[in-house]
Protein chains: 2
Amino acid sequence: MKEFMEITKALADENRVRTLYALQGRELCVCQIIEFLGLAPSTVSKHMAILKHARLVETRKEGRWIYYRPADPETSRTVQEAIRWVFRSLEKTGRYKEDMKRLKKILQVSPEVLCHPK
Amino acid sequence: MKEFMEITKALADENRVRTLYALQGRELCVCQIIEFLGLAPSTVSKHMAILKHARLVETRKEGRWIYYRPADPETSRTVQEAIRWVFRSLEKTGRYKEDMKRLKKILQVSPEVLCHPK
DNA sequence: GCTATATTTCGCCACATGACGAAATATAAT
DNA sequence: ATTATATTTCGTCATGTGGCGAAATATAGC
């Protein structure tokens, strides 16, 4: 129950949900998520910690970059169903489509360039 | 998206989730839910308003009693999948089983007696 | 080792939320 | 009509949450 409530609380914020669907089928570095959400790094970090604590996402560290990806399929059924539910419920919405358009543009810029904006 | 977020926010409270699974396969009068949750009537009323606003539950008025039931199957797919997800995720948990035991006792007392405890 | 960069942690603030009791509303019973 | 009962609405309070910037941490490159 506690585990389940951590998932529902993690899903109870729009920016976290948007991040979750942005991660479908790809990995994103924190700086890309910062760009995607348009929030301060500290805020994004907190959001990601909540998603990770709920086991909805996992991380991979590569140098000074940290990549987030959705939970692996071997994780709990509850988590997998949650992710699928989010995606299926929102993939047809306008917000999702706009977000995917913006994400594509962000992905065209490599993380290196995105993170060193000089 | 807004509709979806109302559902996730509604599910982000343990008492509302417990109420939702308590309603699986039955109708409950508010006074029964009050008894089930052990909260003040005003608090329960607010919780139910949130669940109703998210379209997770529906109501039926019978005299001075108001009965709550889960959303009818014709409602949105998102709602139906949410309800199924909650139930499938929790039906095996200890909390759920305890709650069902308590609920059975509450159901043995008819609403009339429960609401007029004299 | 020093500097730069990516991310997290901490401290703070504004606002949302869950709890209650009191008051309001609606219906039933006398 | 008056009273009793079921539920909701309102006002209030304590706590939780999302946002930020500053400071801390970790790694890469010089």
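Since the model is a prediction, treat every value here as computed from it, not as a measurement. Order of the sequence lines fixes the chain letters, A, B, ..., with proteins taken first and strands second; residue numbering starts at 1 for each chain. Atoms considered below: every heavy atom in the structure, side chains included; atoms not considered: hydrogens, waters and symmetry mates.
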Exercise. NA contact type, B/Lys61, heavy-atom cut-off 4.0 Å: base, sugar-phosphate, or nothing?
Worked result: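 Sugar-phosphate contact only - B/Lys61 comes under 4.0 Å of backbone atoms but never of a base.
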Would you mind reading off the distance between [X] atom [atom1] and [N] atom [atom2], rounded to a whole angstrom?
X       : N      : atom1 : atom2 : result
B/His53 : C/dA16 : NE2   : C1'   : 16 Å
B/Leu11 : C/dT17 : CG    : C1'   : 16 Å
A/Leu37 : D/dG18 : CG    : C1'   : 12 Å
B/Tyr67 : D/dA6  : OH    : P     : 11 Å
B/Lys9  : D/dT17 : NZ    : C1'   : 10 Å
B/Glu6  : C/dA16 : CD    : C1'   : 15 Å
A/Leu51 : C/dT8  : CG    : P     : 12 Å
A/Glu35 : C/dA6  : CD    : P     : 12 Å

Exercise. How many angstroms lie between atom SG of A/Cys29 and atom CD1 of A/Ile34, to the nearest 0.5 angstrom?
Worked result: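 A/Cys29 atom SG to A/Ile34 atom CD1 measures 8.0 Å (nearest 0.5 Å).
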Exercise. Does B/Glu3 CD have over 12 foreign heavy atoms under 6.0 Å away?
Worked result: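 Not buried by this count: 12 neighbours or fewer within 6.0 Å.
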Problem set entry | Within 6.0 Å of CZ in A/Arg77, more than 12 heavy atoms from elsewhere |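 Open.
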Exercise. Can you find a side chain N or O atom of B/Tyr68 that sits less than 4.0 Å from OP1 or OP2 on D/dT8?
Worked result: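 Yes.
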Exercise. Does OP1 or OP2 of D/dT17 have a side-chain N or O of A/His47 closer than 4.0 Å?
Worked result: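 For A/His47, the contact criterion (side-chain N or O under 4.0 Å from OP1 or OP2 of D/dT17) is not met.
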Selection from [options] that lies nearest to any side-chain heavy atom of [X]:
X       : options                : result
A/Thr43 : D/dC20, D/dG29, D/dT7  : D/dC20
B/Arg64 : D/dT9, C/dA29, D/dG19  : C/dA29
B/Trp65 : C/dC10, D/dT8, D/dA6   : D/dA6
B/Leu39 : C/dT7, D/dG19, C/dA19  : C/dA19
A/Cys29 : C/dT27, C/dT7, D/dT8   : C/dT7
B/Lys46 : D/dG18, C/dG18, D/dC20 : C/dG18

Exercise. Closer to the 5' end of DNA chain D via nearest nucleotide, is it A/Asp13 or B/Thr59?
Worked result: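 Per heavy-atom nearest nucleotide, the more 5' residue is B/Thr59.
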For this session: Over 60° means perpendicular and under 30° means parallel, so classify the ring planes of A/Phe4 and B/Trp85, tilted if in between.
Result: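 Correct class here is tilted.
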Problem set entry | Closest non-hydrogen atom pair, B/Leu103 against B/Ala22 |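 Looking at all heavy atoms of both residues, the closest pair is CD2-O, 3.6 Å.
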